[in-house]
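Heads up: numbering here begins at 1 and tracks the sequence. Atoms within a ligand are numbered from 1 in the order they appear, just like the ligands themselves. In this text, all values refer to a predicted model and were calculated from it rather than measured experimentally.
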Amino acid sequence: MFKEIQNENNYKNLINGKWVDSQSKEIICTFSPVDGSNIACMQAMTKEEVDEAINGVKEAYPKWAAFTSTERANVLLKAADLLEESAEELAEIMVREIAKNKKSALSEVIRTVDFIRYTAEEGKRIKGETLEGDTFNGYTKNKMSFVKREPLGVVLAISPFNYPVNLSASKIAPALAAGNGVIFKPPTQGAISALHLAQIFQKAGLPDGVLNTVTGRGSVIGDYLVNHKGIDFINFTGSSKVGKHIAEMSGMIPMMMELGGKDAAIVLKDADLDDTAKAIVSGAFNYSGQRCTAVKRVLVLNEVADELVEKIKMEVKKLSVGLPENDADITPLIDLKSADFVQSLIDDALNKNATLVLGNKREGNLMYPTLLDNVTEEMLVAWEEPFGPLLPILRVESVEEAIRIANASEYGLQSAVFTKDIDSAFYIANKLEVGTVQINNKTERGPDHFPFLGVKASGMGTQGIRYSIESMTRPKAIVLNLHLQN
Ligand code: NAP
Ligand code: G3H
């Protein structure tokens, strides 16, 4: 990779085309979730430097907006090529930085390459429309509105630790395709992978200042960023707690938010239980459950519960536990605090008489996959998002009870329904208060051009390539007043 981004172990920020150190001389170091070794350090930027970064984008983006959509697409396509070339190296960084296993880290990068290429093409299809006047207030065809789509201006992109490349690019690329400039605040744990991504966009030929990066702890510079007068749109992915805080702090800045989830897998009597168990285990335990769309509870009809639990147990037993570099399925969680939280949910459930089927074992922040049966609504794990390898199973009497419990959650990201009966599947899907219902598969975000959204505490606005581009543009109407004779 290109070296000017770092000074020995210290990473710089991209400001107006140059990689610079902060005047604060204050650095934040991150440590490997696997062995505690120092990964790298980054800059804690001052408020003045944040101002400079935002003002730089404000000044630079109109030039970028004036490029043709094909010229913008060519820069994005070049970025995709460079990212593809760097896939191995970036995946290695992610393995160390966020303990994602090598296979998943590589797949995250390749998925992002595809995402950027598709975005480049979709960016060429941003369309306006022409409307003819109608009979409102007696107007007739003497009026025509030319509705163009314009970029919003300066987009603040804030991404979470669990997909530092993909969930950063899925904000940056659509924003750029639409002609916006971007202030990019990466997650602190994940910043090194994310800063490399920023450098790839720079190397692809993005004009200076169109993408500037800002590092520093979200809890310290976050409030300053999210109500900064220079920001025109906030595109945030992270926890519901931080999302709500940003919404409160940011006044009238428009925003898109993708937040937490408590995705339910509802299993009916006629489901194919072998396929269902496989889908649920992959959905619940990939990247050790640290995915917003992980299956986070199973609601199974009593009649097939024993059989399903047994099949899930057999699948969970196949998961390897260990190091990300060895491609283990279950790897250390991002930090000790996260592991403590998962443990507290297990302890609470066991104290309230849940049945431990497997797991409840840990070594520091390495949590073994844990399966809890006979979970009830009194237990925290029925409602809280563990963000770890913990799957609760709630047995239900009826489809209506499953729907009630699924909808009682504060979250509304996705749900899955497993059944061979398409009428039941659609009946349940129509009743679930979520952004997406998966029929006969695990909950998941992709393919990345599908709409992806959460309701209730799971978010606002819609991601997905075309949806993301549209949400970072606004209509601009120019009205032509004609003097036609009737
Ligand atoms: P997080 O703690 O909410 O952090 C997300 C981002 O927000 C990080 O870049 C963080 O910076 C920043 N931040 C923290 N406080 C801030 C503040 N006051 N103002 C502005 N920014 C602030 O989430 P996480 O632990 O990284 O990610 C896990 C959570 O994200 C889970 O709840 C998961 O469900 C959710 N998630 C949702 C989706 C989705 O699409 N729905 C996708 C992925 C993850 P620092 O790192 O510097 O603290
Ligand atoms: O963590 C949240 C991500 O948006 C989930 O994406 O379903 O592809 O793992 P994924």
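No close placement of the H245 and F236 rings is indicated, their centers lying 6.0 Å or farther apart.
Between T293 and ligand 2, a contact under 3.5 Å exists for at least one N or O pair. No N or O atom of Q290 sits closer than 3.5 Å to an N or O atom of ligand 2. Polar contact check, Y163 against ligand 2: a nitrogen or oxygen pair lies under 3.5 Å apart.
Heavy-atom contacts of R445 reach the following atoms of ligand 2: 3 (C), 4 (O), 5 (C), 6 (O), 7 (O), 8 (O), 10 (P) (cutoff under 4.0 Å). Each of the atoms 7 (O) of ligand 2 lies under 4.0 Å from some heavy atom of E444.
A salt bridge links E385 with K296: at least one charged nitrogen is closer than 4.0 Å to a carboxylate oxygen. Electrostatic pairing of K203 and E85 does not count as a salt bridge here, judged by no charged N lying under 4.0 Å from a carboxylate O. A salt bridge does not link K241 to E248: none of the charged nitrogens lies less than 4.0 Å from a carboxylate oxygen. In this structure, E121 does not pair ionically with R117, as no charged nitrogen and carboxylate oxygen lie closer than 4.0 Å. Checked for salt-bridge contact, R111 and E108 miss the test: no charged N lies under 4.0 Å from a carboxylate O.
Relative orientation of the H449 and Y118 rings is tilted, given thresholds of 30° and 60° on the angle between their planes.
Around atom NZ of K456, more than 12 heavy atoms belonging to other residues, nucleotides or ligands sit under 6.0 Å away. Heavy-atom contacts from other residues, nucleotides or ligands closer than 6.0 Å to CD of E377 number more than 12.
With a heavy-atom cut-off of 4.0 Å, N162 touches ligand 2 through its side chain alone. At a heavy-atom cutoff of 4.0 Å, ligand 2 is contacted by no atom of E108, backbone or side chain.
Evaluated by nearest non-hydrogen atom to atom 1 (O) of ligand 2, the leading choice among C292, G238, A294 is C292.
Heavy-atom distances between E258 and ligand 2 stay at or above 4.0 Å for every pair.
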Could you list, one pair per line, each nitrogen or oxygen of ligand 1 together with any protein nitrogen or oxygen closer than 3.5 Å, giving atom names and the distance rounded to 0.1 Å?
from	atom 1	to	atom 2	distance (Å)
ligand 1	3 (O)	S239	N	2.8
ligand 1	3 (O)	S239	OG	2.6
ligand 1	9 (O)	S159	O	2.8
ligand 1	9 (O)	K185	NZ	3.4
ligand 1	11 (O)	K185	NZ	2.9
ligand 1	23 (O)	S239	N	3.4
ligand 1	26 (O)	F161	N	3.1
ligand 1	30 (O)	G238	O	3.2
ligand 1	30 (O)	S239	N	3.3
ligand 1	32 (O)	E385	OE1	2.8
ligand 1	34 (O)	E385	OE2	2.6
ligand 1	41 (N)	L259	N	3.2
ligand 1	41 (N)	L259	O	2.6
ligand 1	46 (O)	T188	N	2.8
ligand 1	47 (O)	K185	NZ	3.0
ligand 1	47 (O)	T188	OG1	2.5
ligand 1	47 (O)	G218	N	2.8

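The side-chain hydrogen bond (donor to acceptor under 3.5 Å, both in side chains) pairs that include a residue from residues 175-192 number zero, where partners must be two or more places apart or lie in different chains.
Protein heavy atom in closest approach to atom 8 (O) of ligand 2: R111 NH1, 2.7 Å.
A distance of 10.5 Å separates CE in M367 from OG in S338, rounded to the nearest 0.5 Å.
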